[in-house]
**Student:** 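This structure is in structure tokens; I'll ask about it shortly.
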Amino acid sequence: MSQKTLSIVEQRDVNVTQSTNNGIPILRIEHPQCHAALSLYAGHVLSWQPKGHSDVFWLSENTHYQDGKAIRGGIPLCWPWFGAKEGEVNHGFARTSLWQLTKVTSSDEGVEVVLTFEGDAKAATWPFAFKVTQTLFFGEEFSQTIDIANTGEYDFEHDGALHSYFSVSQPEQTCVPELSQVRFFDKLDGSEKTKTLNDCRGPKDRIYFTHQDVQLLDYGLNRNIKLSAHGTSTWILWNPGTESADAMADVHAGGEKEFVCLEAGFTEPLTLSAGDSVSIRQVIKVSHIS
Ligand SMILES: O=P(O)(O)OC[C@H]1O[C@H](O)[C@H](O)[C@@H](O)[C@@H]1O
């Protein structure tokens, strides 16, 4: 961390500061309801620890904080595409671009941060003009709203996901009951199927065709993470398992046994007409199971 720390909000019991890590601007929030951190590079939530709980998000000890590389953990925003695209980076360029800090406000309930990212022709295969506004609320609850505007003259197609990495006791001790028996696309073998979901152990890479509210129940931590999503159509459940994780330089040794990704996605390309905008949102609440 650099020695320079800029104070953004300084009130009784509330502190929001900006510092840098390897040149990357990081915002840290201390509020009676929670502690949190985010990176302006990638517009990326790194941490949210509501009062009485350990961090809800997992962040790799080996993550890069480096221009052009994605941050491993927290909530990468996959946009304007989800997954692989020929000749392009995986999961789009929003997670490898610098965002602007637009506004920080604090109340008794928590801290709201607004970030923006706009541009034109940011990728060879995606020559469009856009503005994305991300509104984050960190308190006893967490919410994330992404407003995407097509600011150009041409309609475009886009897809994406809020790729949340949840910190868990171990994937074997966690489950998402609402996804059991729901039809999914299995990215591991390219087939569609329905199965009982007993736990989240990897390798799993599934796109579930539902956007209903879900719960990530972690019996090891006695924690229930409740998620609701709006403007999305799928939940992606991902854990790489040990063999794949060992091949990922930015996952620390054994890291795959500490997280489960449950991602609010819109994984089928949608058309956004010139001049139009669309909003996607997730709300996360945590409680003890018993
Ligand atoms: O390694 P990344 O590009 O961050 O992708 C990590 C993972 O993201 C999603 O969950 C996809 O469904 C997976 O197929 C992918 O491996």
Side-chain angles (χ1 to χ4, degrees), residues 24 39 41-46 57-97 123 125-126 144 146 158-168 171 174 176 179 182-193 195 197 199-211 214 216 225 227 229 232-253 255-269 280 282:
I24 285 182
S39 163
Y41 172 72
H44 195 122
V45 174
L46 301 171
F57 298 116
W58 176 87
L59 184 63
S60 174
E61 291 162 17
N62 287 358
T63 189
H64 307 284
Y65 291 95
Q66 196 185 327
D67 200 17
K69 302 237 169 163
I71 295 172
R72 179 71 67 192
I75 317 182
L77 171 63
C78 305
W79 189 81
W81 57 86
F82 174 81
K85 192 174 194 204
E86 213 181 321
E88 301 282 9
V89 292
N90 213 24
H91 290 327
F93 50 77
R95 66 173 188 163
T96 51
S97 300
T125 64
W126 209 82
Q144 179 178 33
I146 312 284
H158 65 153
D159 54 345
L162 306 174
H163 194 313
S164 311
Y165 284 74
F166 292 103
S167 179
V168 299
T174 65
V176 187
L179 295 184
V182 170
R183 198 151 183 82
F184 65 89
F185 176 70
D186 193 338
K187 288 181 78 177
L188 297 180
D189 64 12
S191 70
E192 265 189 36
K193 55 185 88 142
K195 266 189 168 181
L197 179 68
D199 61 54
C200 298
R201 82 186 65 194
K204 279 188 178 62
D205 195 354
R206 301 176 173 185
I207 301 179
Y208 281 93
F209 303 121
T210 179
H211 59 102
V214 291
L216 181 61
I225 301 178
L227 293 124
T232 58
S233 49
T234 52
W235 286 108
I236 300 127
L237 179 69
W238 179 63
N239 178 286
T242 301
E243 206 181 313
S244 297
D246 282 351
M248 299 167 127
D250 59 354
V251 174
H252 63 251
E256 78 285 358
K257 298 190 182 81
E258 302 166 355
F259 72 80
V260 168
C261 285
L262 189 53
E263 313 159 30
F266 57 111
T267 42
E268 284 299 314
I280 62 168
Q282 67 172 346

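Note that the coordinates shown come from a computational prediction; the quantities given were computed from them, not determined experimentally. Note that ligands are numbered from 1 as they come in the structure, with each ligand's atoms numbered from 1 the same way.
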**Student:** What protein heavy atom sits nearest atom 6 (C) of ligand 1, and how far away is it?
**Tutor:**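 For this ligand atom, the closest protein heavy atom is Trp238 CH2, 3.5 Å.
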**Student:** Go through ligand 1 atom by atom and flag the ones less than 4.0 Å from a non-hydrogen atom of Arg95.
**Tutor:**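 Checking each atom against Arg95, I get 2 (P), 3 (O), 4 (O).
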**Student:** Taking the ring centre of each residue, are Phe166 and Phe57 less than 6.0 Å apart?
**Tutor:**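 Yes, they do, as the ring centres are separated by less than 6.0 Å.
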**Student:** Find all atoms of ligand 1 within a distance of less than 4.0 Å from any non-hydrogen atom belonging to Asn90, and give their numbers and elements.
**Tutor:**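 Those of ligand 1 that fall under 4.0 Å from Asn90 are 2 (P), 3 (O), 5 (O).
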**Student:** Could you tell me whether the side chains of Gln282 and Ser164 share a donor-acceptor contact shorter than 3.5 Å?
**Tutor:**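 Yes, Ser164 and Gln282 have a side-chain donor paired with an acceptor closer than 3.5 Å.
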**Student:** Is the ring centre of His158 less than 6.0 Å from the ring centre of Phe266?
**Tutor:**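 Yes: the rings meet the under 6.0 Å criterion.
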**Student:** Looking only at heavy atoms, what is the nearest atom pair of Ser39 and Ile71, with distance?
**Tutor:**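 What the structure gives for the nearest pair is OG-CD1, 3.8 Å.
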**Student:** Number the atoms of ligand 1 from 1 as they appear, then name those within less than 4.0 Å of a heavy atom of Lys187, with their elements.
**Tutor:**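 Those qualifying, in numeric order: 11 (C), 12 (O), 13 (C), 14 (O).
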**Student:** Would you check if the side chain of His252 reaches a backbone N or O of Glu61 as a donor-acceptor pair within less than 3.5 Å?
**Tutor:**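 Side chain of His252 to backbone of Glu61: a pair is present.
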**Student:** Which residue holds the protein heavy atom closest to atom 9 (C) of ligand 1, what is that atom called, and what is the gap in Å?
**Tutor:**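 Sorting protein heavy atoms by distance from atom 9 (C) of ligand 1 puts His163 NE2, 3.3 Å first.
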**Student:** Suppose we measure from atom 14 (O) of ligand 1 to each protein heavy atom; which comes out shortest, and what is that distance?
**Tutor:**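 Ranked first by proximity to atom 14 (O) of ligand 1 is Asp205 OD2, 2.5 Å.
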**Student:** Tell me which part of Phe185 gets within contact of ligand 1: side chain, backbone, both or neither, using heavy atoms under 4.0 Å.
**Tutor:**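 The answer is neither.
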**Student:** Could you list the atoms of ligand 1 found under 4.0 angstrom from a heavy atom of Glu263?
**Tutor:**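 Result: 9 (C), 10 (O).
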**Student:** Working to the nearest 0.5 Å, report the span between OG of Ser60 and CD of Glu256.
**Tutor:**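 With rounding to 0.5 Å, OG (Ser60) is 10.5 Å from CD (Glu256).
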**Student:** Tell me whether Arg72 reaches ligand 1 (any heavy atom closer than 4.0 angstrom to a ligand atom).
**Tutor:**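 For ligand 1, residue contact (heavy atoms, under 4.0 Å) with Arg72 is present.
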**Student:** Any chance CD of Glu243 has more than 12 other-residue heavy atoms, nucleotides or ligands included, within less than 6.0 Å?
**Tutor:**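 Check fails, neighbour count at 12 or below.
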**Student:** May I ask you to identify the nearest protein heavy atom to atom 5 (O) of ligand 1, giving residue, atom name and distance to one decimal place in Å?
**Tutor:**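 Protein heavy atom with the smallest distance to atom 5 (O) of ligand 1: His91 NE2, 3.3 Å.
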